[in-house]
Amino acid sequence: MSALETLAATIEERKSADPDGSWTAKLLAKGPEKCAEKFGEEAIEAVIEAVKGDRARLTSEAADVLFHLLVMCAARDVTLADIEAELERRAGVSGITEKAARKD
C-alpha cells in the first residue's frame, strides 16, 4: 500500500473517530466547508514556498496540501480511488483536449 493509500484509509477511519482525540476527526466534524478552507490555506502556503524556492519547506507544505486535499474530498465522500480513476481516464489525453471536452 502506498503512503497515499495508507493516508486515505486513515482519514476514512477518522470519519467515525472521536473529534477530541484526532485532528482529522475534529476537522471532518467541522464540515466540508471548513475542510475546504483549510485546504485552501495549505495550498497558499505551498505556493509561497514554491516561490521562495526552499525545497525542504515546499516538500513539507506539499505533504500538508495532499493531506488536506484528501480530508476535503473525504468530507464529500470522494475517495482516493475516485481521484485515481479520474486520473487514469485522463491518462494519454492532451491537457488541451481534455479541458476542451469539459466545457459546458
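Residue numbers start at 1 and run along the sequence shown. What you see below is based on every heavy atom in this structure, not just the backbone, and it leaves out hydrogens, waters and symmetry mates. Computed from a prediction, not measured in an experiment: that's the story for all the values here.
The line from OG of Ser60 to CD of Glu42 is 9.0 Å long, rounded to the nearest 0.5 Å. For the atom pair CD of Glu88 and CD1 of Ile83, the computed distance is 12.5 Å after rounding to the nearest 0.5 Å. The line from OG of Ser22 to NZ of Lys15 is 13.0 Å long, rounded to the nearest 0.5 Å. To the nearest 0.5 angstrom, Asp54 atom CG is 12.5 Å from Ile48 atom CD1. The CZ atom of Arg57 lies 8.0 Å from the CD atom of Glu45; values are rounded to the nearest 0.5 Å.
Both Leu70 and Trp23 belong to a common hydrophobic cluster when Ile, Leu, Val, Met, Phe, Trp and Tyr are linked at side-chain heavy-atom distances under 4.5 angstrom. Both Leu27 and Leu4 belong to a single network of hydrophobic side chains, linked directly or stepwise wherever heavy atoms of I, L, V, M, F, W or Y lie under 4.5 Å apart. Met72 and Phe67 end up in different hydrophobic clusters when Ile, Leu, Val, Met, Phe, Trp and Tyr side chains are linked at under 4.5 Å. Tracing side-chain contacts under 4.5 Å through hydrophobic residues (I, L, V, M, F, W, Y), one never reaches Leu69 starting from Leu28; they form parts of separate clusters. Val78 and Leu87 end up in the same hydrophobic cluster when Ile, Leu, Val, Met, Phe, Trp and Tyr side chains are linked at under 4.5 Å.
At distances below 3.5 Å, at least one donor-acceptor pair connects side-chain atoms of Glu5 with backbone N or O atoms of Ser2. When atom types are taken as modelled, the side chain of Asp64 and the backbone of Glu61 share no donor-acceptor pair closer than 3.5 angstrom.
Using a 4.0 Å cut-off between charged side-chain N and carboxylate O, Glu33 and Arg76 make a salt bridge. Salt-bridge annotation for Lys26 and Asp18: absent, with no side-chain N of the basic residue lying under 4.0 Å from a carboxylate O of the acidic one.
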- request: Show the numbers, then the answer: is there a side-chain contact (heavy atoms from CB on, under 4.5 Å) between Cys73 and Thr79?
  value: CA-CA 7 Å; Cys73 288; Thr79 67; over 6 Å; no
task: Show your working on side-chain contact (heavy atoms from CB on, under 4.5 Å) between Thr10 and Thr24 and close with a plain yes or no.
output: CA-CA 9 Å; Thr10 300; Thr24 304; over 6 Å; no
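Two residues are said to be in side-chain contact when any heavy atoms from C-beta on lie closer than 4.5 Å; Val71 and Phe39 fail this criterion.
Across all their heavy atoms, Ala25 and Ala17 have their closest contact at CB-O, 3.7 Å. Shortest non-hydrogen contact noted between Ala29 and Pro19 is CB-CG, 4.0 Å.
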